[in-house]
Amino acid sequence: MTDLPSWLSRGTNEIFPSQPDSSDPSENLVARLKATDRPLRIKLGIDPTGADIHIGHSIAMRKLRAFQDAGHKAVLIIGDFTARIGDPTGKSEVRKQLTEADVKRNAETYLDQVKPILDFSEDKLEIRYNSEWLSDLDLNKILELLATMTVGQMLAKEGFDKRYKQESPIFLHEFLYPLMQGYDSVAVEADVELGGTDQKFNIAVGRDLQRHFGRKDDSPPQFGLLLPILLGTDGQQKMSKSLNNYVGLGEAPLAMYSKLEKVPDALIEDYFTQLTKLDLAELPENPRDRQKLLALDVVTQYHGKAAAEEAQKASLELIKGDAKQAEAVPEFSMAELNFPAKFFYVVGKSGLCASTSEAKRQVKGGAVKLDGEKFANPDEMFESAEALAGKVLQVGKKRFVRLVL
RNA sequence: GGGUCGAUGCCCGAGUGGUUAAUGGGGGUGGACUGUAAAUCCACUGGCUCUGCCUACGUUGGUUCAAAUCCAACUCGGCCCA
């Protein structure tokens with residue numbers, strides 16, 4: 001049989017079912033793509049559990065876009081219903097439940113953030129909320145769903161297995177999650193479902209359920225296409241907001257750029273593969289140039305070329321420590337401070353430190369500079385704001401603020 | 001429902017009546033070094049305009065000159081039995 005086209009294979013971890021030598025469209029995705037007489041329906045579900053999505057999430061979105069460009073239909077499912085339960089995949093704890101209002105707000109910002117990635121033309125994209133079909137399931141239907149799987153099958157799932165062995169609690173409603181995600185596939189008649197490698201179980205459940213409930217036009221059950229989980233900028237754990245190793249899609253150009261330009265060397269090829277269309281064979285030799293190219297390319301995708309180049313310039317200036325030169329230094333008004341004031345108090349209130357106590361420690365530790373000069377006496381008194389006006393206060397290498405009246 | 005064990009700082013985890021924000025590790029922040037990285041070394045890591053004051057060891061009460069440490073009830077979780 002034929003090889004996968006590169007738009008399909010780039011960065012793809014696994015496709016299942018996969019019988020590379022078969023021409024049967026139910027077990028070979030390339031054959032399926034060829035055999036179809038209609039655009040395939042490509043499902044990707046996201047649960048609006050937080051306000052931000054990051055470039056790790058963008059991987060599946062980009063693949064979805066690739067399908068759109070190849071003429072297929074993206075079916076983006078906003079898991080407004082499932083978000084309230086929480087996907088137990090990879091979690092060692094129960095996720096806290098969200099209110100309807102939270103979920104709605106999150107969904108809106110999500111859509112906003114994926115605008116640069118997806119093709120939003122009407123015939124290319126279908127956006128569905130899974131409360132549409134899940135909120136009306138009656139007990140009969142739920143029992144039917146539950147009867148398709150055994151406790152053993154559920155406990156074989158990685159996250160549950162681990163939690164079970166660690167003696168941490170697993171609530172019964174969590175067992176429902178894979179079934180609901182699978183039922184989404186039934187409801188939207190998905191032909192392919194995209195997801196991270198950790199989604200294999202849930203996507204496989206979708207196949208089972210499609211088979212169980214049958215499909216309108218007797219199409220074969222959905223294919224699963226698994227994409228790698230992006231490691232965070234720390235190079236250690238998967239990218240996640242709570243680990244603070246993420247690059248958010250909604251971030252400002254400079255913030256995005258400066259995070260991306262220090263991606264560890266070991267990860268940079270993965271990042272190029274997953275986040276850009278650049279040819280890996282033509283990357284620069286110098287690792288530092290690679291980082292810059294990556295940062296520039298990704299920022300361009302979300303903010304345009306001009307903003308990306310500006311971010312690159314600003315970032316260079318910041319690194320040189322030339323804070324006074326950089327225009328991007330935010331201002332902090334001292335209007336609400338009470339003078340006379342000790343130095344650490346000013347630093348603490350400036351927003352550069354989390355607390356005045358931390359500010360004091362940072363000053364003592366020699367991390368604080370005023371107009372580029374190290375300033376290590378936390379108890380230095382300033383009689384009035386005028387004495388500090390116009391100066392640049394700096395904590396560490398990355399945090400700056402210009403003091404104004 | 002019965003029995004039993006457990007709940008400590010961002011996380012893990014010591015500590016079992018006595019001066020002390022509370023050992024250690026991870027993580028984080030800062031410094032040196034460097035490619036702005038990694039690795040390594042060092043420092044810091046509850047709050048407060050702070051030579052001191054305040055708040056902390058699941059919650060609430062109690063015993064005591066004194067409790068994270070003892071007692072009681074409650075909440076939450078694990079395990080065993082049903």
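When reading the values below, keep in mind they use all heavy atoms of this one structure, side chains included, and skip hydrogens, waters and symmetry mates. Numbered from 1 within each chain, the chains take letters A, B, ... in sequence-line order.
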Say we look at B/G47 and B/G35: how far apart would their P atoms be, to the nearest angstrom? 35 Å

Could you run down nucleotides 26-32 of chain B 5' to 3' and tag each one B, S or - for protein heavy-atom contact under 4.0 Å? ---SSS-

Who pairs with A/His72 by ring-ring contact (aromatic ring centres under 6.0 Å, His included), at least two apart in sequence or on another chain? none

RNA chain B: 5'-proximal contact among A/Gln291 and A/Met381 (nearest heavy atom): A/Gln291

With side chain to side chain donor-acceptor pair (under 3.5 Å) as the rule and sequence neighbours excluded, what pairs involving residues 331-359 of chain A come up? A/Glu358-A/Gln362

Secondary structure of RNA chain B in dot-bracket form (Watson-Crick or G-U wobble, distances below 3.5 Å, | marking inter-strand pairs): ((((((((.[[[..)..(.....]]]((((((.......))))))(((...)))...[[[[[..)....]]]]]))))))).

For residues 223-235 of chain A, tabulate all N or O donor-acceptor pairs below 3.5 Å that involve a side-chain atom, not counting sequence neighbours.
from	atom 1	to	atom 2	distance (Å)
A/Thr233	OG1	A/Asn245	O	3.3
A/Asp234	OD1	A/Gln236	N	3.0
A/Asp234	OD1	A/Asn245	ND2	3.2
A/Asp234	OD2	A/Asn245	ND2	3.4

Could you tell me which residues satisfy side chain to side chain donor-acceptor pair (under 3.5 Å) with A/Glu14, sequence neighbours excluded, listed by chain and number? A/Lys200

With sugar-phosphate meaning primed atoms plus P, OP1 and OP2, does A/Pro340 contact a base, only sugar-phosphate, or nothing at under 4.0 Å between heavy atoms? base

List the residues meeting salt bridge (charged side-chain N to carboxylate O under 4.0 Å, His left out) with A/Arg128, not counting sequence neighbours, and say none if there are none. A/Glu126, A/Glu132

Protein-nucleotides 50-52 of chain B N/O pairs closer than 3.5 Å?
from	atom 1	to	atom 2	distance (Å)
B/C50	O2	A/Lys360	NZ	2.3
B/C50	N4	A/Thr356	OG1	3.2

I'd like to check the ring-ring contact (aromatic ring centres under 6.0 Å, His included) partners of A/Phe213; sequence neighbours left out, ordered by chain and number. A/Tyr183

Pairs flagged by side chain to side chain donor-acceptor pair (under 3.5 Å) wherever residues 134-150 of chain A is involved - sequence neighbours left out: A/Glu144-A/His212

Non-neighbouring partners of A/Tyr257 that pass side chain to side chain donor-acceptor pair (under 3.5 Å), sequence neighbours left out: A/Gln312

Decide yes or no, distance alone: a donor-acceptor N/O pair under 3.5 angstrom between the base of B/G35 and the side-chain of A/Asn286. no

Taking the C1' atom of each, how far is B/G9 from B/U45, in whole Å? 11 Å

Just distance, no hydrogens or angles: give the donor-acceptor pairs under 3.5 Å from side chains in residues 4-11 of chain A, sequence neighbours left out.
from	atom 1	to	atom 2	distance (Å)
A/Arg10	NE	A/Thr273	O	3.0
A/Arg10	NH1	A/Lys277	O	3.4
A/Arg10	NH1	A/Leu278	O	3.1
A/Arg10	NH2	A/Phe272	O	2.9
A/Arg10	NH2	A/Thr276	O	3.0
A/Arg10	NH2	A/Leu278	O	3.0

